[in-house]
Number of protein chains: 2
Amino acid sequence: MATINDNYLKLKAGYLFPEIARRVNAFAQANPEAKIIRLGIGDVTEPLPQACRDAMIQAVEEMGDRSTFKGYGPEQGYAWLREKIAAQDFQARGCNITAEEIFISDGSKCDCGNILDIFGDNNTIAVTDPVYPVYVDTNVMAGHTGEANEAGEYAGLVYLPINAENNFTATIPDTKVDLIYLCFPNNPTGAVATKEHLQAWVDYARKHQSIIFFDAAYESYITDPSIPHSIYEIEGAKECAIEFRSFSKNAGFTGTRCALTVFPKNLTAKAADGSDVELWKLWNRRQSTKFNGVSYIVQRGAEAVYSSEGQTQIKRLISFYLENAQIIREKLTTAGLDVYGGVNAPYVWVKTPAGLSSWDFFDKLLQVCHVVGTPGSGFGACGEGYFRISAFNSRENVEEAMKRITENFQV
Amino acid sequence: MATINDNYLKLKAGYLFPEIARRVNAFAQANPEAKIIRLGIGDVTEPLPQACRDAMIQAVEEMGDRSTFKGYGPEQGYAWLREKIAAQDFQARGCNITAEEIFISDGSKCDCGNILDIFGDNNTIAVTDPVYPVYVDTNVMAGHTGEANEAGEYAGLVYLPINAENNFTATIPDTKVDLIYLCFPNNPTGAVATKEHLQAWVDYARKHQSIIFFDAAYESYITDPSIPHSIYEIEGAKECAIEFRSFSKNAGFTGTRCALTVFPKNLTAKAADGSDVELWKLWNRRQSTKFNGVSYIVQRGAEAVYSSEGQTQIKRLISFYLENAQIIREKLTTAGLDVYGGVNAPYVWVKTPAGLSSWDFFDKLLQVCHVVGTPGSGFGACGEGYFRISAFNSRENVEEAMKRITENFQV
């Protein structure tokens, strides 16, 4: 008699974005004439950079000739891609990260979830609140939590509230936690962390022999030169941190699929017998056994991001979305709403007006303005009363959405 | 103090194929003049079908226009691909499988490993011996086994020997097992299962409420019309089986990456409270949370497999590799070796001559003939004394490899 993983039954409702999709689809079916503008899920809308497309077309053509055909690639990713990442994303910023320490994958969502495979089940785990739901749900699935309470908080997890009072950067706990998820620039709040704040986290992690999972998916949106792009800009981070990055938001790869995760060599955690085991080795074994590498074609597309044309093109994309964010900030502020983020990140974090709950504001925005955002409470109990608006859309749609909102929500 | 998943420390040596790569690289470095022919890892060598390349180039071009750009796709895969698979791979063979029951992924290796996420840790697990190592290693990683003995057998797993006596199809156990991995056409032995054999497994699974993981990655190589391509050709299989398929071996997608897994609706396993939980729902939750779908470009390439040009082109590819297998069978038989498989599968399973161990034969073949195969013992204790030769290579290389072997191993 086969049994299931009962931990799945602890998961609350649907994963946030499928639930949003369900409500939007229901509204669209009932109101076929409504021109819905989606500023909800953080999905890019602008064309893939020419350099990436040219590289992928060439790669497809190589697949048509026996002499240049590519079968299974290295599970870790091709060296030519890893070397460019190491040089341009890390070494150029003074981070001593080598190609060997970089693992190419088909998505940060996968890596953020799969990372738990190599860790023990007895770790104390800290997440911010609000937080990207994948961090929490994958811990629930792995049996690292108890049941959820009415606010959606799972027993056994350590929640670190982030709010306007602490600039949306969590206060470092005075108790010991073993695994810490940090995301800067932050999803969903758009907040960034200073060098001092990250140094305090690194110092904490080294003191407690904790591991920081640092999600830098939005690093390319940083405009403030004093803000670190990588955790490895912080002294001692190679002894305590794993970093996730993605091509989704800088080069528009959400539908093309490529990401990377950095495992510094010599970064260790404890085996049951007290010995130190290198995490790089465990992840390498995991990926070799449960993954077969990213499509050759896609890796060539990602490599093109590092050409001079590619760099120019992605910078243009990022500027475009940041201008959208600026428009959203300005219009909502003019409408009397309290807004955060959107300066070093493609997300604007809004206080819902008139004490509306996050989902009530979601429904109202959908029904009145035909605009889709993301309820803050979907990111955690402390997100209640907030709302995320994404800057990923065409200029026309962003302006139209802001027009509809300012006309209907003048506070 | 962060801890690791100690189960990883139980894993023996490297995963088989990295170990082969290590020995081949060492030999190549020491013998730079040697022209090594690789018939080891089951990796295709012939160009990707024109239909797939044309579709992918068009998809890349769509990515360059805002109106046809694709961001995040459905985690389950695009409906247009799932519908074609349902119609042509399943319904056309009388299997009542719908598009909704099909999940597109980036590889069968991933799915075969990740599948354990949704099952309990208390299941009794059966694998054949020899077997595709991923089935075993992922169970070790998940903590479903004890330590390995000297023969490489892990405590707690039920090994079902497959050998010449049982036509390389395991004898159905008289004890109860909960999860059963079956692979037909078989990797590594090249054996196939008759309808009667699969019916006996399905009957067993229904009686014991077990789940069969049916790996059909090589179904397109079946030439005997009496052999089922899908487990769902067997009555009752929708109540007890999950099927894995791949575009790697039929369309040459090993470097392009696309696969699929079938979860029949209403297929259930037991929760701890004794209730029946639909596995489709659990897998859907897993994939929505830990996966972001396959590249749009790659899915368009896979869709082209189902066009009439695509079908003609993949049939030509399969015939080509099967002709290679036929040449390997003939030449090795002429050389006095005992050979199995290679008729409905791209693998020929060879008894090592003169009582050589599998790795000794591997080293000898590499050193004397500069030919790489796969040691049978790498697939399990019962594979000792056997050797796998893959038909995936150019005609010229296959013929040259057979020439070298027949000249050196005349028994």
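Numbers restart at 1 for each chain; the letters A, B, ... are given by sequence-line order, proteins then strands.
The parts of B:L282 that come within reach of chain A are both its backbone and its side chain, each placing non-hydrogen atoms under 4.5 angstrom from that chain. Interface residue B:N292: backbone and side-chain heavy atoms are both found under 4.5 Å from chain A. In this structure, the portions of A:V44 lying under 4.5 Å from any heavy atom of chain B include both its backbone and its side chain. Only the side chain of B:K176 comes within less than 4.5 Å of a heavy atom in chain A; its backbone stays farther off. For B:T45, the part lying near chain A is the backbone, with the side chain staying farther off; criterion is any non-hydrogen pair under 4.5 Å. The contact between A:M141 and chain B is made entirely by side chain atoms (from C-beta outward), counting heavy-atom distances below 4.5 Å.
When A:C258, A:G64, A:G107 are compared by the number of non-hydrogen pairs under 4.5 Å with chain B, A:G64 comes out ahead. Listed options B:K70, B:Q299, B:E62, B:R66 were ranked by heavy-atom pairs under 4.5 angstrom with chain A; first place goes to B:R66. Annotation: maximal heavy-atom pairing with chain B below 4.5 Å, among A:A2, A:S108, A:A59, occurs at A:A2. Chain A forms more heavy-atom pairs under 4.5 Å with one residue of B:N5, B:I4, B:L48, B:I297 than with any other, namely B:I4. With respect to chain A, the highest number of heavy-atom pairs below 4.5 Å among B:T268, B:T254, B:D178 belongs to B:T254. Comparing B:N7, B:L9, B:V60 by heavy-atom pairs within less than 4.5 Å of chain A, the highest count is held by B:V60. The candidate with the highest count of non-hydrogen atom pairs below 4.5 Å against chain B, out of A:G113, A:G73, A:C110, is A:C110. Interface check for chain B: of the options A:D106, A:L179, A:V298, the most heavy-atom pairs under 4.5 Å are formed by A:D106. Interface check for chain B: of the options A:F253, A:Y8, A:F291, the most heavy-atom pairs under 4.5 Å are formed by A:Y8. Annotation: maximal heavy-atom pairing with chain B below 4.5 Å, among A:I211, A:D65, A:N122, occurs at A:N122.
Around the CD atom of B:E46, the shell of radius 6.0 Å holds more than 12 heavy atoms that belong to other residues, nucleotides or ligands.
A salt bridge is absent between A:K10 and A:E147; no separation between the charged side-chain nitrogens and carboxylate oxygens falls under 4.0 Å. We find that A:E75 and A:R285 are not joined by a salt bridge, their nearest charged nitrogen and carboxylate oxygen being 4.0 Å or further apart.
Using a 30° and 60° split on the angle between ring planes, A:F213 and A:F244 fall in the perpendicular class, above 60°. The aromatic rings of A:Y204 and A:H208 sit tilted, their planes meeting at an angle between 30° and 60°.
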Output, in order, the C-alpha distance, side-chain angles, deciding distance and verdict of side chain to side chain contact (heavy atoms under 4.5 Å, CB included) for B:V136 and B:V131. CA-CA 8 Å; B:V136 173; B:V131 72; 3.7 Å; yes

The test is side chain to side chain contact (heavy atoms under 4.5 Å, CB included); show your working for A:L81 and A:I104 and say whether it passes. CA-CA 8 Å; A:L81 174 56; A:I104 308 299; 3.8 Å; yes

Derivation and outcome, side chain to side chain contact (heavy atoms under 4.5 Å, CB included), residues A:I125 and A:V177: CA-CA 6 Å; A:I125 290 152; A:V177 297; over 6 Å; no

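Residues of residues 114-121 of chain A that come within less than 4.5 angstrom of chain B, heavy atom to heavy atom, are A:N114, A:D117, A:I118, A:F119, A:G120 in numerical order.
Scanning for side-chain hydrogen bond (donor to acceptor under 3.5 Å, both in side chains) contacts around B:N139 gives B:H144, B:Y181, with sequence neighbours left out. With sequence neighbours excluded, no residue forms a salt bridge (charged side-chain N to carboxylate O under 4.0 Å, His left out) with A:D43. Looking at residues two or more places apart in sequence or on another chain, you find no side-chain hydrogen bond (donor to acceptor under 3.5 Å, both in side chains) involving B:K281.
Nearest heavy atoms, B:F320 versus B:N393: CE2-O, 3.4 Å. Considering every non-hydrogen atom in both A:Q76 and A:S288, the closest pair reads NE2-OG, 3.9 Å.
In summary, the side chains of B:R395 and B:N324 do present a donor paired with an acceptor at a separation below 3.5 Å, with no hydrogens or angles considered.
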